[in-house]
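Residue numbers count from 1 along this sequence.
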Amino acid sequence: MSSRKTVAAAALAAALLAGPGIAQAAPQTVPAPQEQVAAATITWTLERASHPTQDQQSAYDLITKAMNAAVARYNNLSDLGKSITVRYDPGVGTADGSNNGTIRFGSNRSYMTERTALHEMAHTIGVGTNASWNTLAGGGTWRGAQATALVKQFDGSGATLSTGGGHFWPYGLNYENEFSNTAADRHVQIVAAMVRDGL
């Protein structure tokens, strides 16, 4: 190829590359960092005697296992937040939970389970224990749209959340024989929906 043809070919190539319609790689832009709001979490502490008896230590071990499982399930399936204080109180018949964030386990070891911990955690969050419960749960049926829609999703269009005595069902985990992994997951999801409803 003559040098004149080589120069002409190079000039033509340069003109084509510089002309309109030629795709050129644009510099890659880094996406701006987006603010992420951290989900709230549930935390818990166990009040322990400084020199526990064998009975206390046995209870502490069972309570710790139950609470760790329940808190992990709530934190995995919801964005609820609460700081809970747990006590071993042999004077309590079974277990109880208060809206102030306290759970007490009595001496009956059969209640030192994840099921009981989940149920009592719901009370600390407001189930049956705060003023809005009476508004949303009065009359025997939950009135909030979110939790009502969720129980219908789980159990069909005719399903309702029944309420009474500061409790709800299905999925209230009111008795040990109601516990399964599915029921426990649904319990947490319903409690979270109740909170969205205004609990």
Side-chain angles (χ1 to χ4, degrees), residues 34-47 63 66-87 89 92-105 111 113-199:
Q34 295 184 6
E35 183 178 339
Q36 293 185 343
V37 178
T41 57
I42 293 175
T43 59
W44 75 281
T45 55
L46 176 61
E47 290 186 351
I63 291 167
M67 286 299 299
N68 281 343
V71 167
R73 194 179 297 266
Y74 260 95
N75 287 339
N76 185 46
L77 296 172
S78 80
D79 61 356
L80 298 173
K82 191 81 178 185
S83 293
I84 299 172
T85 301
V86 180
R87 297 184 181 109
D89 185 343
V92 173
T94 56
D96 60 32
S98 168
N99 199 35
N100 70 7
T102 301
I103 294 175
R104 300 182 306 166
F105 285 87
Y111 288 94
T113 63
E114 181 185 359
R115 193 277 313 166
T116 302
L118 288 165
H119 176 92
E120 301 308 337
M121 286 172 65
H123 287 312
T124 70
I125 292 165
V127 170
T129 59
N130 72 15
S132 60
W133 173 263
N134 296 328
T135 303
L136 289 161
T141 304
W142 183 259
R143 292 191 192 99
Q146 298 277 328
T148 299
L150 193 56
V151 79
K152 289 181 186 305
Q153 177 186 325
F154 293 152
D155 294 341
S157 60
T160 59
L161 272 178
S162 297
T163 59
H167 296 92
F168 70 90
W169 60 92
Y171 310 115
L173 303 180
N174 301 301
Y175 301 99
E176 202 65 37
N177 65 3
E178 295 176 12
F179 184 85
S180 69
N181 279 320
T182 298
D185 287 352
R186 290 178 176 184
H187 168 85
V188 172
Q189 293 168 315
I190 286 175
V191 171
M194 286 177 163
V195 170
R196 292 192 301 274
D197 281 336
L199 181 65

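For Thr94, the side-chain contact (heavy atoms from CB on, under 4.5 Å) partners are Tyr111, not counting sequence neighbours. Looking at residues two or more places apart in sequence or on another chain, you find no salt bridge (charged side-chain N to carboxylate O under 4.0 Å, His left out) involving Arg143. Arg104 meets the salt bridge (charged side-chain N to carboxylate O under 4.0 Å, His left out) test with Asp89, Asp96; sequence neighbours excluded. Remark: Ser132 pairs with Asn130 by the side chain to side chain donor-acceptor pair (under 3.5 Å) rule, at least two apart or across chains. The side-chain contact (heavy atoms from CB on, under 4.5 Å) test applied to Ala149 returns no partner, not counting sequence neighbours. Residues meeting the side chain to side chain donor-acceptor pair (under 3.5 Å) test with Asn181, sequence neighbours left out: Arg73. Residues passing the side-chain contact (heavy atoms from CB on, under 4.5 Å) test with Asn134, sequence neighbours excluded: none. Among residues two or more places apart in sequence or in another chain, the side-chain contact (heavy atoms from CB on, under 4.5 Å) test is passed with Gln153 by Leu150. Considering only residues two or more places apart in sequence or on other chains, Trp133 meets the side chain to side chain donor-acceptor pair (under 3.5 Å) condition with none of them. Residues passing the side chain to side chain donor-acceptor pair (under 3.5 Å) test with Thr116, sequence neighbours excluded: Thr113. Applying the salt bridge (charged side-chain N to carboxylate O under 4.0 Å, His left out) rule to Glu178 yields no partners; only residues at least two apart in sequence or on another chain are considered.
The minimum heavy-atom distance linking Trp142 with Ala137 is given by the pair CE3-CB, 3.9 Å. Scanning all heavy atoms of the two residues, the minimum distance from Ile63 to Trp44 falls at O-CH2, 4.4 Å. The heavy-atom pair separating Val151 from Pro170 by the smallest distance is CG2-CG, 4.0 Å. Nearest heavy atoms, Phe179 versus Ala184: CE1-CB, 3.6 Å. Taking all atoms of both residues into account, the shortest heavy-atom contact from Gly126 to Leu199 is O-CD1, 3.4 Å. Ala70 and Ala117 get closest at one heavy-atom pair: CB-CB, 3.6 Å.
For the atom pair Asn75 CG and Thr43 OG1, the distance stands at 8.5 Å (nearest 0.5 Å). Within the model, atoms CE of Met67 and CD1 of Ile42 stand 8.5 Å from one another, a figure rounded to the nearest 0.5 Å. From Tyr171, atom OH reaches atom CG of Asp185 across 11.0 Å, with rounding to the nearest 0.5 Å. With rounding to the nearest 0.5 Å, the separation of OG1 in Thr45 from CZ in Arg87 is 9.0 Å. The structure places OG1 of Thr124 at 11.0 Å from NE2 of His119, a figure rounded to the nearest 0.5 Å.
Although no hydrogens or angles enter the test, the distance criterion places no donor-acceptor pair under 3.5 Å between the side chain of Lys82 and the main chain of Ala122. With Thr102 contributing its side chain and Ser98 its backbone, the two residues share no donor-acceptor pair below 3.5 Å. A donor-acceptor pair under 3.5 Å is absent between the side-chain atoms of Ser78 and the main chain of Val188, judged by distance alone. Judged by distance alone, the side chain of Thr148 and the main-chain N or O of Ala145 form no donor-acceptor pair under 3.5 Å. Looking only at distances, a side-chain donor or acceptor of His187 sits under 3.5 Å from a matching main-chain atom of Leu118. Not a single donor-acceptor pair under 3.5 Å links the side chain of Asp197 to the backbone N or O of Leu136. A distance-only check finds a donor-acceptor pair linking the side chain of Glu120 to the backbone of Gly97 [under 3.5 Å].
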Between Val191 and Met121, is the side-chain contact (heavy atoms from CB on, under 4.5 Å) condition met? List the steps.
CA-CA 10 Å; Val191 171; Met121 286 172 65; over 6 Å; no
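Within the structure, salt bridge (charged side-chain N to carboxylate O under 4.0 Å, His left out) contacts touching residues 150-160 (residues at least two apart or in different chains) are Asp155-Arg186.
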